[in-house]
Amino acid sequence: MRNLSTSSTESNSPTSIAERRASYEEILRLALERGFFFPSAEIYNDSLAGFWDYGPLGFLLKSNLEREWRRWIVKYEDMIEMDGALILPKSVFEASGHLSSMVDPIVECTKCHNRLRADKFISEKTGLQVDERLSPEEFQDLISKYNLRCPKCGGELGKPSRFNMMFRVGVGAENADAYLRPETAQNIFTAFSRLSKTQRLKLPKGIAQVGKSFRNEIAPRQSLLRLRELIQAEVEVFFNPSGSFDHSKFEKLQNVKMKILSVDGEMKEVSDFSEAARLFGSEIIAYYFALLQRFYNAIGFSKEDTRFRELSAKDRAFYATSAFDFEINSGLGWVELVACNYRTDYDLSTHSKASKKDLMVMDGETKVLPHVIELSLGVDRTMFMLLDKFFRHEPNRDVLRLPPNVAPYLAAVFPLISKPPFESVAEKIYEDLKLQDFAVFYDDSGAIGRRYRRMDEVGTPFCVTVDPQTIDDQTVTLRQRDSMEQKRVKIGELAEELRRLRNQNVPGTITA
RNA sequence: GCGAGGUUAGUCUAGCCUGGUUAGGACGGUGGCUUCCCAAGCCUCCAGCACGGGUCCGAAUCCCGUACCUCGCACCA
């Protein structure tokens, strides 16, 4: 996460005069109290930082978010989806470059235990160009040669070592070196050959995967924003770099507006594809960025909330030749949600070399090693940002204004009074809606207003209430979370109405 | 990792400086009476001093260690 600024800009979310955005602490309170997420193994004293569990509401929110990602990106583009192993052998990461490039050379002061990046420290002190891939012995030689000491306390520096952000695991009786994957992408590259042969793939083709990745962060912080175990929803689009792009695909995404912050700090709004292609580097990149933008629009973020930030050469991952971070403007400043990398043929080429397998595929008449565009989406961060954007304090209530397509529960069902005949009718409606696969919640305790408030706080957009009139004319009240208005709906038309409301377009969404 | 500050029911918080009845309150939740369309009322009950060690006749309170949280620095494929 970069560029954390304290300024929070109000965006075009539904607002009333008195409502107020929730602070980070208040979002955490909601999460803990209502069961969105909480520290993993928290009852133990040695529970680990950077690991969080999702509770019932967080789980439902996550499921909905992933479903919408499939709907707007994976299914829309006829991508294929896989689900790979979390533990991968050493050779995968030797080839991918993660073993050498994800390693930071570290040196620690023997006296005050201050830890320094060896390469940066040495080059700072000596003015030399220091390659971070030098061996620990070479760093040791440099430190002795220039007689370098701890910049803080003047103490003697210990032995340089390497810190790798990957979790190593020992597999089998031999304890063979293997690693928890630091990104989901590697499964896709190692499976690419089989998938291309057996799934009759034609370029360009997206291969998607959602799952856990693991990074041994030194200082995990801010709950879901900096995790050691995180969920990524990744798409690797394989394409022929010398092929042409089908322009007719642009038409359906014409209305998608994007903002780009270029390396030189200039903010531009992009509204047509030729301009987007120029700013993002190619037509195909512009296209997939528009697809990504539309997904975020569909879960409630607008172009005002979001931007693509171009990364300079030194900020990019080691495998990327061009890279943009898709960021959201939150109460914590601009936060990176999606890493968008042009990985060229880096991965297929290195894996091909290391495994000695030909990973080229046919594109029409020609044999090519495809290039890759990657959209690596942080699911946990996106969930936090949904809470950040939509959790609001109003004078008389806290309300989570999640769009219906991601809200954990779509609707709640209440009897106005927990007495017959209202109870049995309400229960019947609840059972029916469950069988039709709606995420619904039943509550009959306490006053009706209290039950509405509870649902407001966890983001349930609709409440169905059975009252005396229901007994007369088979209608119920359908109460809207945001306006608190209610209308009467026939019981028989309830499911259809809820389905319609769930799919109503949120601001900024276009109908495909 | 370093530095600073912090941790009291599910959540928020008083008490800590100056050790001494049964750790107080609010919100929340349970059950009951009542009311019934936007957190009504009354009663009942539930639930807590982060963990470990030390000092002391006695520790939420003082000391040490550990974990976690927040902020800053560093890191962030």
Side-chain angles (χ1 to χ4, degrees), chain A residues 1-2 4 6 23-26 28-35 38-51 55 93 96-104 106-109 112-117 120-121 150-153 163-166 181-183 185-186 213 215-223 225-228 230 311 315-320 323 325 336 339 341 343 346 374 376 394 396-399 414-419 422 444-457 463-469 476-481 483-486:
Chain A
M1 189 179 1
R2 302 169 175 90
L4 287 188
T6 47
S23 67
Y24 172 80
E25 284 74 22
E26 288 163 333
L28 206 60
R29 181 208 50 85
L30 174 73
L32 293 171
E33 202 168 59
R34 297 298 180 181
F38 41 85
S40 189
E42 61 176 331
I43 62 168
Y44 282 102
N45 192 30
D46 62 348
S47 78
L48 299 161
F51 297 90
F93 301 112
S96 72
H98 286 91
L99 264 176
S100 53
S101 300
M102 275 190 57
V103 174
D104 291 337
I106 297 273
V107 63
E108 186 175 326
C109 171
C112 71
H113 301 289
N114 186 24
R115 280 189 154 197
L116 301 158
R117 269 287 293 266
K120 292 193 175 175
F121 172 64
C150 175
K152 265 196 182 163
C153 72
F163 180 77
N164 194 300
M165 299 259 301
M166 285 193 292
R181 63 185 184 189
E183 57 173 7
Q186 293 307 319
S213 290
R215 297 171 187 185
N216 200 359
E217 296 282 353
I218 297 169
R221 252 172 223 194
Q222 291 175 309
S223 62
L225 299 186
R226 190 79 168 281
L227 295 162
R228 287 183 166 138
L230 55 129
L311 299 188
D315 287 334
R316 280 177 222 141
F318 60 88
Y319 46 66
D325 280 350
E336 173 196 346
N341 295 303
R343 299 178 77 131
Y346 174 86
E374 168 185 77
S376 176
E394 291 183 1
N396 295 315
R397 61 171 187 165
D398 288 347
V399 55
F414 307 141
L416 184 60
I417 313 166
S418 54
K419 290 223 161 88
F422 310 112
D444 62 3
S445 76
I448 188 74
R450 184 174 211 76
R451 286 177 261 160
Y452 286 147
R453 289 291 185 269
R454 273 199 285 251
M455 286 297 104
D456 288 341
E457 196 182 4
C463 292
V464 172
T465 304
V466 172
D467 61 10
Q469 195 182 328
V476 290
T477 63
L478 185 64
R479 181 255 194 193
Q480 299 237 6
R481 175 195 62 203
S483 63
M484 293 194 278
E485 283 165 3
Q486 50 193 42

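The shown structure was predicted, so the numbers you read here are calculated from the model rather than taken from an experiment. Residue numbers begin at 1 in each chain, while the letters A, B, ... track the order of the sequences. Hydrogens, waters and symmetry mates play no part in the numbers below; they use all other heavy atoms, side chains included.
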Atom [atom1] of [X] and atom [atom2] of [N]: how far apart are they, to the nearest Å?
X: Leu48(A); N: C68(B); atom1: CG; atom2: P; result: 7 Å
X: Leu28(A); N: C68(B); atom1: CG; atom2: P; result: 16 Å
X: Arg29(A); N: U13(B); atom1: CZ; atom2: P; result: 12 Å
X: Asp444(A); N: G31(B); atom1: CG; atom2: C1'; result: 13 Å
X: Tyr24(A); N: C69(B); atom1: OH; atom2: P; result: 8 Å
X: Glu33(A); N: C27(B); atom1: CD; atom2: C1'; result: 8 Å
X: Asp46(A); N: C68(B); atom1: CG; atom2: P; result: 9 Å
X: Leu32(A); N: C12(B); atom1: CG; atom2: P; result: 7 Å

I'd like to know if the side chain of [X] and the backbone of [Y] have a donor-acceptor N/O pair within less than 3.5 Å.
X: Arg221(A); Y: Arg226(A); answer: no
X: Arg316(A); Y: Asn341(A); answer: no
X: Arg228(A); Y: Glu217(A); answer: yes
X: Arg34(A); Y: Arg454(A); answer: no

Sequence-aligned protein contact record of nucleotides 42-54 of chain B, with B where the base is within under 4.0 Å of a protein heavy atom and S where only the sugar-phosphate is: --------BB---

Base, backbone or nothing for each nucleotide of nucleotides 35-41 of chain B, written B, S, -, heavy atoms under 4.0 angstrom, 5' to 3'? -BBBBS-

Please measure how far the [atom1] atom in [N] lies from the corresponding atom in [M], and state the result in whole Å.
N: U7(B); M: A50(B); atom1: C1'; result: 6 Å
N: G48(B); M: G10(B); atom1: P; result: 7 Å
N: C33(B); M: C45(B); atom1: C1'; result: 15 Å
N: G24(B); M: C16(B); atom1: P; result: 15 Å
N: G72(B); M: C27(B); atom1: P; result: 34 Å
N: C76(B); M: U30(B); atom1: C1'; result: 46 Å
N: A74(B); M: C64(B); atom1: C1'; result: 28 Å
N: U11(B); M: G1(B); atom1: P; result: 27 Å

Of the nucleotides U70(B), C68(B), C75(B), which one has an atom closest to the side chain of Arg226(A)? C75(B)

Run the side chain to side chain contact (heavy atoms under 4.5 Å, CB included) test on Arg181(A) and Gln186(A) for me, step by step, so that the C-alpha distance in whole Å, both residues' side-chain angles and the decisive distance to 0.1 Å come before the verdict. CA-CA 8 Å; Arg181(A) 63 185 184 189; Gln186(A) 293 307 319; 5.8 Å; no

Any base atoms under 4.0 Å from Tyr319(A), or only sugar-phosphate, or nothing? Heavy atoms, all strands. sugar-phosphate

Determine the contact category for Ala219(A): base if any of its heavy atoms lies under 4.0 Å from a base atom, sugar-phosphate if only primed atoms, P, OP1 or OP2 are that close, otherwise nothing. base

Find the distance between [atom1] ([X]) and [atom2] ([Y]) and round it off to the nearest 0.5 Å.
X: Arg343(A); Y: Phe318(A); atom1: CZ; atom2: CZ; answer: 7.0 Å
X: Asp456(A); Y: Arg479(A); atom1: CG; atom2: CZ; answer: 4.0 Å
X: Asp444(A); Y: Ile417(A); atom1: CG; atom2: CD1; answer: 12.0 Å

Looking at Arg481(A) and Glu394(A), does any basic side-chain N land under 4.0 Å from a carboxylate oxygen? no

Toward the 5' end of RNA chain B, which comes first, Ala317(A) or Tyr44(A), by nearest nucleotide? Tyr44(A)

Under 3.5 Å, is there a donor on one side chain and an acceptor on the other for Ser96(A) and Tyr319(A)? no

Just need the stems in RNA chain B: three or more back-to-back Watson-Crick or G-U pairs, each with both distances under 3.5 angstrom, sorted by first number. B:1-7 with B:67-73, B:10-13 with B:24-27, B:31-33 with B:41-43, B:50-54 with B:62-66

Any chance you could lay out the side chain to side chain contact (heavy atoms under 4.5 Å, CB included) test for Tyr452(A) and Gln486(A), step after step, and finish with the verdict? CA-CA 12 Å; Tyr452(A) 286 147; Gln486(A) 50 193 42; 3.9 Å; yes

For Asp398(A) and Leu30(A): C-alpha separation, side-chain torsions, deciding distance, then whether side chain to side chain contact (heavy atoms under 4.5 Å, CB included) applies. CA-CA 10 Å; Asp398(A) 288 347; Leu30(A) 174 73; over 6 Å; no

Counting just side-chain N and O atoms, does Gln222(A) come under 4.0 Å of either OP1 or OP2 of C69(B)? no

With a 4.5 Å heavy-atom cut-off, do Arg451(A) and Pro415(A) have their side chains touching? yes

